[in-house]
Structures are given as structure tokens and as C-alpha cells.
K.L.:
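Below: one structure in C-alpha cells.
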Amino acid sequence: MLLRSLLLLLILVAVAPRCVADDGYRLWLKYDLVADAGQRAQYRSAAQFIARNGSDAVLKTAATELQRGLQGLLGQPVPLMAKPESTKRGIVLSIDPSANVSGSSANREGFRIASQGRNILVTGRSGAGVLYGVFALLRQLQTGQVISGLNVSSSPRIQYRMLNHWDNPNGTVERGYAGSSIWKWNELPQRLDPRYTDYARANASIGINGVAINNVNASARYLTPEYLEKVKALAGVLRPYGIRVYLSVFWAAPKVIGGLTTADPLDAQVKQWWAAKADEIYSQIPDFGGFLVKANSEGEPGPQDYGRSHAEGANMLATALGAHDGIVMWRAFVYKAGSSDRFKQAYEEFKPLDGQFSPKVLVQVKNGPIDFQAREPFHPLFGAMPKTPLVLEVQITQEYLGMATHLVYLAPLFKECLNADTQTKGPGSTVAKVVDGSLDQHRISGIAGVANIGTDRNWTGHPMGQANWYAFGRLAWDYTLTSKVIATEWTKMTLTREPQSVATIVDVMEKSRDIYVRYTTPLGLHHIMGQNIHYGPEPWLAQAGRPDWTAVYYHKADSAGLGFNRTATGSNALALYSPGVQQAWGNAKTCPLNYLLWFHHVGWQQPLPTGRTLWNELATRYYTGADSVTWMQQRWASVRPAVDAALFADVTARLAIQRREALWWRDACVLYFQTYSKQPIPAPFAPPARTLAEVKTLVDLYQLK
Ligand code: BDP
């Protein structure tokens, strides 16, 4: 009897993993058995051992990860040897600081994967390089590529590839939609949640090498000895994965926790306090990355409180870092109340400071001039501060893009910004070249993504949100990758390898961002979302703490037309761009429709190049956008046999919410703007079945007011 029960238990344990639904925890690092027996046999014969040349900590991580990956993919353990076995074929991992890899010779993170004799050599310029090479090799197997005869090399185009967590000490995440913060401050430093390691693995697999672990609206608490011990423990988990820890700092920390009466950056005691704090941090965390700062923005304190400039503030912190190998990332997300056009604020404050920042300072600029809207023109500071390295900041968390219920693949948004041509040094002066430092020959370069990660079992809330984390890392490494290539990799590693389903899912992902723009903010509308929570439509919002927190400030609907005139006859924000860009966007007749209402107030009856009037085009986009969600639902339904059942059901349900909310957006916006245009809903579309008053009540319903 006992024997029988034991046997039954054994059988159950053996088959259990197949029965358990895919909860998404493993992200794109599933390492499931390669289904194709022929391919598996090829991989097995090429990977009979792993040899590791050296004992560098990150190199060791690389070997361990490779073993883990191969064990899963090949269904058998692969032994780790001190040196290659002459009679077998295997994978040899080694560090060679002068390895011949693509990219700049100063780059220590590059790798080469090459076949040599019987073996595959993965050579990195450093342990991290080998780790990135190992993940690249595993990706080949995960996506079903041939691995014999490989000869590829790669190195990152951008040096500091950062995730910014907007996590608070109390476990909440500002603008986080995937549960709570993954950092368990009450447990640190004694207990290290295994999740930290899986987080590090996921980041390393896409080349992320730095994480700012706390909210830019920072608590001073992180700089206390008590918290630094906890941060040190986290840094210890991330270090073997080539990831450095950074802290967002609260400008007034010298007052709040230092007992000083001022936080003036020119005050000797303040300078001394920060220098001592930096020394203290480095004594605990020798590879500490540096500081991220939001100052004099949205109520945060900063150097301007003492009549000092952003440069004076940033440089003081850079000096405090002294000889330590750290940097200051100073955010340019500023907009004072009362400005004529928020669009111009950051430019007006920061452009004059170009050339004044110390060499350790990078200025971190959001992709667009307002605030992570579904589509923005590129920020006019890109190209305008040639003497300052600029970090591009994008939002991976979908604050303005449907949070965790809308499927919106963000690589097209990121790429639209990276590919935008500032034309500041002639054609081809793309944002990407500003950011990677090549346009102005900067020694340092950075890119930051605001994380969408939380304690939800699948990390990102929406299962498809994982693709945005993945895409950010891949583009940070190499912004020339296409969004389609990235979506295909991710889908194959995460959802299915069945070719037709891969093609379908990638197609839906590729179109999803444009669809979202169509049913929320077509033709260059922006900032018409719900107040505070930033979810759902609220174009009628006219009263808020500040005019530039309302919707009417941005869309400027009146009986004549719609849109913000930012030409010379309006706020003239357009003048912040180079002449070529001004020319492209300056004329309402020729301005690309995606940016039209960003720069022009256009008459309702104005004909557009599509052959429709502005009003008819606007209504058409809202209707076709919402209908495209039905298309997404249908396409997703077709992949059912190829993807995990639980995951399929989850995405199906979220798409149903997305459809409901796309209709909410559509009805709210067409009914509201109709009160100005006085035009009927154009054929073939049926007018909304509900009234504007009815739709307005939905804000309370869905926003849980
Ligand atoms: C806005 C968010 C706010 C952030 C701010 C920032 O709504 O929560 O603090 O960006 O980037 O979009 O500092």
C-alpha cells in the first residue's frame, strides 16, 4: 500500500510540470525541452560539456546559467569542466579583454561566439561580456536557430542601460500596475528573496547593467545606514549578473536625515555631507553606480530653492562622488507652474546650462516634451545640448498606455523616438546618435526605462507587458534591431514556436501601439486622459491644481477647430527644433498627421491629405481604432491551440477589457469633441448609443473614485 502510494506520488511529481499552467514567472527564460527531436540531437551533440576558463564571479554566473539553460532545452545535464575535453564537442567560456568584437575598443561588455574546431567559443571582454554571449547563444537555441558554424560578435551601443524603479519604502510602486514592489525592505538584509536572483537573470539576459531601485520622488530613508545595509545586500545579489545598483536621492536629505539647516549645494557643510555619504556608500557597495535625481520638479526640492542652477546641484553631487566610479543622472523633467506652454519648459531651463555640467553628469530626458504620452514628438533637448551626454528616459510601465489591461507593444514607440532625426548636425542626427554619444563624441552614454515590474507572479501584470521589458533591454543594447525581430524573439521564447501563431502574435504586437493611439489620442491629441490616475478619457477636464494638468489646456477645442498652435502664431514651441524639423512640422497642410494637433489648431472642416475633413478623420480614427481591438481579439483567438491555456485565457480576458475601454475612449472623445464641431458622426459609423453625460459617469466607475 505504502509502496503504491509512493509510486503514485512519484508519477504525479514527474508529470506535474506539464499539468501546471504557465504562470509566466519564467518570463522568456523558460528553457523548455526543444520539441524537434532532430534539432535537439544537433544541439546535444554540439554541447556535450561546458568549459570555463577562469573564476571571475560573472563568468561563473555565465557557466551556471548555460548549464541551467542546456539542461532544460536538451533535457539532459551538461557537465562543467575545468578545460575542454579533447574527444568531445562542447562550449568554452573565456574572458579576453582584447577579444575582437564589434563596436568601440573601450567597450568591455562585448562578446564573440565562434566555432573553433569541435567547440563553440564564447569569448567576452569581461565576465559580463561572456554572460551576454551565453544568453545570446541560449537565445539561438530557444528560437530554434542553427548553432554550428556560428561567428557573431556584438557589443552594446549604449553604456549605461538602466531600469528605473519607481518603488517606495512602503512597498508601493508609483505608476506600477503589477502588484507591489519586489524589494522587501522589511526582510532585508537578512532574507534574500529568490525572486531577486530571477530578476537579475532576466535583466542580464537582455543586457541591463544598472538599476535605480527607488522612486525618483525619493525618500531620504534610502541614505540612512539602516537602509544602506539593505541596499548592499541587494547589490550583492545583482553583482554576479553584471548589474550595478543606483539610488534616487532626495535633494533635501542633508536636512531631513543629516541634521543640517540647509541643502544649498554651495554650502560647505552640505558638500561635506554628500561627500561623506558617498564614501559611506562606497565602503559598503564598492561598485555602486551613482545617483539619479529629480529636483525642482513637481514639488520636489532642489538647488533652485537656494537660487542655484541644476548644473550647480548636479556638479556638487558629482564632486561628492569624487574618485569613485559613479555618475549622476540629473533629470530634465521640469515644468514650472504658469509657463505659457509646458512643452518648452525643460528646454528653457536646461539648454542654457549646456557646457556647465561636470564630466560625471548625464542629463536624463524623457522621450517627449510633455510626459510619456502614447505618441509625442521627440524632446527638443535632443540635439540641443551637444556638450552634455543625454540619457533617454522611456516609460516601460504603461501609465498612459492602458496600464495592465491594454495590450500595447512599446518597441515601435521607443524606436520612433530613437530613429527621429533631430537634424541638428545635418540629416541623420538621430536621437539614437545623440544618446549613444556618437553624434557629439561623448565618452559616456545612457538609456533608462521606467520599470513595469512588480510582485505579480508574472512580473508585469499583463502577460504581454513582459515583451516591453524585454524590448527595452534589447534596444538599449542595439537600437538598430527592428521591433519585429524583437517581438519574434520574445514570442518564440515566451509563448509559442508554432510558426503561424508566432506570425499572428507578432503582427498584433506590431500594430498594437498605433491602434492604441487611434482610439485614445489620434492625430496628435495628447494629455486628455483621466486626472491623477491617468487612465481612461477625460477630455472635458478643465479644472485641476494647475492649468497644465487639465485636458483643455492641451487640446484647445473650440468652435473653430482643435489642437495646440505651437507655430510662430501660437506658443512657438516649434522654434525649439532645428530648421529642417520646423519645416517638416510647421505647415498644417504638410505636417505628418501623427503630429498635426501637437503643433496646429486645425479647423473642423479643414480637408486632410486622407480626403476627409479633420472632424471626419478624427471620428474615423476613433471608430476604426476601437474596431481594431476586435481584430486583435480575433487574431488572438486563432492562436489558442498554440499557447498555454491559462495564459491564453488571461490575455483573452484582458483584450475584452481593452475592447470595452476602447469604446469608452471612442464614445467619450467623439461625443465631447462633437459639442464643438457640431458635425454628425460620419458614415458608415453609427453614433454612440450612450450620451456624453452617461459616458462621463464611467470615469467614476472605472477609476474607482
Ligand atoms: C509622471 C508621473 C509621476 C512621476 C513623473 C516623473 O505621473 O508619477 O513622478 O512622471 O517622471 O508621468 O517624475
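We use all heavy atoms of the structure for the numbers below, so side chains are in, but hydrogens, waters and symmetry mates are not. From a predicted model like this one, the values you see are computed outputs, not experimental measurements. All ligand and atom numbering here is 1-based and tracks the order in the structure.
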K.L.:
Under 4.0 Å between a Lys/Arg side-chain N and an Asp/Glu carboxylate O for Asp478 and Arg157?
P.N.:
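Yes, charged N to carboxylate O under 4.0 Å.
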K.L.:
Pick one of side chain, backbone, both or neither for how Asn217 approaches ligand 1, counting any non-hydrogen atom pair under 4.0 Å.
P.N.:
side chain
K.L.:
What part of His534, side chain from CB on, backbone N/CA/C/O, both or neither, has a heavy atom under 4.0 Å from ligand 1?
P.N.:
side chain
K.L.:
Does the ring centre of Phe673 sit less than 6.0 Å away from the ring centre of Trp665?
P.N.:
no
K.L.:
When the ring centroid of Phe343 is compared with that of Tyr335, is the distance short of 6.0 Å?
P.N.:
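So the answer is no for these two rings.
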K.L.:
Specify the protein heavy atom at minimum distance from atom 13 (O) of ligand 1: its residue, its atom name, and the distance to 0.1 Å.
P.N.:
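Answer for atom 13 (O) of ligand 1: Lys294 NZ, 2.6 Å.
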K.L.:
Is it true that Phe564 and Trp598 have ring centroids separated by less than 6.0 Å?
P.N.:
no
K.L.:
Would you mind checking if Glu416 and Arg375 are paired as a salt bridge, meaning a charged N to carboxylate O distance below 4.0 Å?
P.N.:
yes
K.L.:
Please state which protein non-hydrogen atom is closest to atom 8 (O) of ligand 1 and give its distance, to 0.1 Å?
P.N.:
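That would be Glu174 OE2, 2.4 Å.
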K.L.:
Output the list of atoms in ligand 1 that are nearer than 4.0 Å to some heavy atom of Glu298, sorted by atom number.
P.N.:
4 (C), 5 (C), 9 (O), 13 (O)
K.L.:
For the pair Arg342 and Asp371, find out whether any cationic side-chain nitrogen is under 4.0 Å from an anionic carboxylate oxygen.
P.N.:
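A salt bridge links Arg342 with Asp371.
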K.L.:
Please write down residue, atom name and distance for the protein heavy atom closest to atom 1 (C) of ligand 1.
P.N.:
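Of the protein heavy atoms, Asp371 OD2, 3.1 Å lies nearest.
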K.L.:
Considering only the protein, which heavy-atom contact is closest to atom 2 (C) of ligand 1, and what is its distance?
P.N.:
Glu399 OE2, 3.3 Å
K.L.:
Check this for me - ligand 1, Trp166, N or O atoms closer than 3.5 angstrom, yes or no?
P.N.:
no
K.L.:
Please check if atom CD in Glu298 has more than 12 non-hydrogen atoms from other residues, nucleotides or ligands closer than 6.0 Å.
P.N.:
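Buried by this count: over 12 neighbours within 6.0 Å.
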K.L.:
Answer yes or no: does an N/O atom from Arg175 fall short of 3.5 Å to an N/O atom of ligand 1?
P.N.:
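N/O-N/O distance below 3.5 Å exists for this pair.
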K.L.:
Are Glu661 and His406 close enough that a side-chain donor and a side-chain acceptor fall under 3.5 Å?
P.N.:
yes
K.L.:
Distance under 4.0 Å to a non-hydrogen atom of Tyr400: what atoms of ligand 1 satisfy this?
P.N.:
1 (C), 7 (O), 12 (O)
K.L.:
Relative to the heavy atoms of Lys366, which atoms of ligand 1 are at a distance of less than 4.0 Å?
P.N.:
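Going through ligand 1 atom by atom, the ones under 4.0 Å from Lys366 are 1 (C), 5 (C), 6 (C), 10 (O), 11 (O), 12 (O).
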